[in-house]
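First up is the structure itself, then whatever we jot down about it.
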Amino acid sequence: MPSLLIADDHPLFRAALHRAAEEAVADLQISEADSLHSVLEAIESQQIDLMLLDLHMPGNHGLAGLATIRALQPGLAIIIVSANEEPHVIRRAIDLGAAGYLPKSSGLTDLQSALLSVLDGERWIPALLREPVARVAPFSKDADLAARLSSLSAHQYRVLSLVAEGLLNKQIADRLGVQLRTVKAHMTRIMGRLGVRNRAQAIRVLHEMGLTDPARQVEAAQDA
């Protein structure tokens with residue numbers, strides 16, 4: 001029985017994906033996650049064959065979460081689900097190991113096609129986007145950034161993600177339920193593995209793989 005993890009921070013959208021996935025694939029075991037932290041916990045505790053991953057869920061930092069998950073679970077097939085339909089973003093995601101890319105504007109037929117194709121070992125991109133994506137040149141920095149992030153453990157990525165959110169070491173220790181010296185030790189190892197000298201440079205590695213959330217752009221325009 002194949003297993004699917006739906007990773008998105010919007011409950012209604014997760015529910016819609018859940019129902020559609022059940023209709024698309026028989027005997028599919030489905031679980032859900034609402035943040036990158038809960039995704040990391042899930043892949044550490046259970047066998048996951050396929051994931052629907054929202055690029056802009058909390059803790060994901062755009063493509064950084066994808067690179068980290070791929071490093072921790074190379075055999076896990078990941079379909080990116082995003083409102084971002086820019087060909088260069090799709091190309092970056094595919095180059096970083098995504099098995100498919102599903103725009104949130106897609107209909108039920110596309111979702112079902114994506115799930116079935118990826119479970120069969122194929123790569124899936126919407127037909128209308130395949131040619132534009134193929135014309136995009138690779139993003140030269142991504143391979144190096146992904147390699148550096150892949151050197152981090154799941155715990156270290158959680159710490160780095162919280163640092164990028166502006167939390168201090170004591171706040172991170174409280175959030176993760178660990179001692180302060182544990183967080184400091186993680187930060188020392190994180191900077192060593194990323195090849196940086198301070199927290200600001202470590203955060204910059206995540207920001208280099210970050211993406212603008214189209215939904216937030218719309219909200220900002222409405223508030224202006």
Using only atom types and a distance under 3.5 Å, with no angle test, would you say the side chain of [X] pairs donor to acceptor with the backbone of [Y]?
{"X": "T68", "Y": "A64", "answer": "yes"}
{"X": "S35", "Y": "P58", "answer": "no"}
{"X": "E165", "Y": "L162", "answer": "no"}

- Student check: side-chain heavy atoms of I78 and Y101 closer than 4.5 Å: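 No, side chains not in contact.
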
- Message: Taking the side chain as everything from C-beta on, heavy atoms only, tell me whether L5 gets closer than 4.5 Å to L52.
- Response: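 Answer no - side chains too far apart.
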
For atom [atom1] of [X], decide whether the heavy atoms of other residues, nucleotides or ligands shown that lie under 6.0 angstrom number more than 12.
{"X": "H18", "atom1": "NE2", "result": "yes"}
{"X": "Q29", "atom1": "CD", "result": "no"}
{"X": "R148", "atom1": "CZ", "result": "yes"}

- Query: If two hydrophobic side chains count as joined below 4.5 Å and joins carry through other members, does L17 share a cluster with I69?
  - Reply: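 Different clusters.
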
- Task: Give, for atom CD of Q179 and atom OG1 of T182, the distance between the pair rounded to the nearest 0.5 Å.
- Result: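 Going from the CD atom of Q179 to the OG1 atom of T182 covers 5.5 Å.
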
- Query: Looking at CG of L194 and OG of S151, how far apart are the two atoms once the value is rounded to the nearest 0.5 Å?
  - Reply: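 Taking CG in L194 and OG in S151, the distance rounds to 5.5 Å.
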
- For D110, enumerate each residue passing the salt bridge (charged side-chain N to carboxylate O under 4.0 Å, His left out) test, keeping only those at least two apart in sequence or located in another chain.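 Listed in chain order: nothing, the list is empty.
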
- Modelled atom types, side-chain donor and acceptor of R199 and N169, under 3.5 Å: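 R199 vs N169: donor-acceptor pair found between side chains.
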
- Message: When you compare the side chains of E85 and S105, does any donor N or O come within less than 3.5 Å of an acceptor on the partner?
- Response: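 Side chains of E85 and S105: pair found under 3.5 Å.
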
- Less than 4.0 Å between a side-chain N and a carboxylate O, is that true for E208 and R204?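 Salt bridge flag = no for E208 with R204.
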
Considering only distance and modelled atom types, tabulate donor-acceptor pairs under 3.5 Å from the side chains of residues 113-120, sequence neighbours left out.
| from | atom 1 | to | atom 2 | distance (Å) |
| --- | --- | --- | --- | --- |
| S113 | OG | W124 | NE1 | 3.0 |
| S117 | OG | S113 | O | 2.8 |

Can you list every pair that meets salt bridge (Lys or Arg N to Asp or Glu O under 4.0 Å) and has a residue in [range], with sequence neighbours left out?
{"range": "residues 151-160", "value": "E44-R158"}
{"range": "residues 46-62", "value": "D54-K104"}
{"range": "residues 20-43", "value": "R14-E32"}
{"range": "residues 170-197", "value": "K170-D174"}

- Report the relative orientation of the aromatic rings in H61 and H207; use parallel for angles under 30°, tilted for 30 to 60°, perpendicular for over 60°.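 H61 and H207: tilted rings.
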
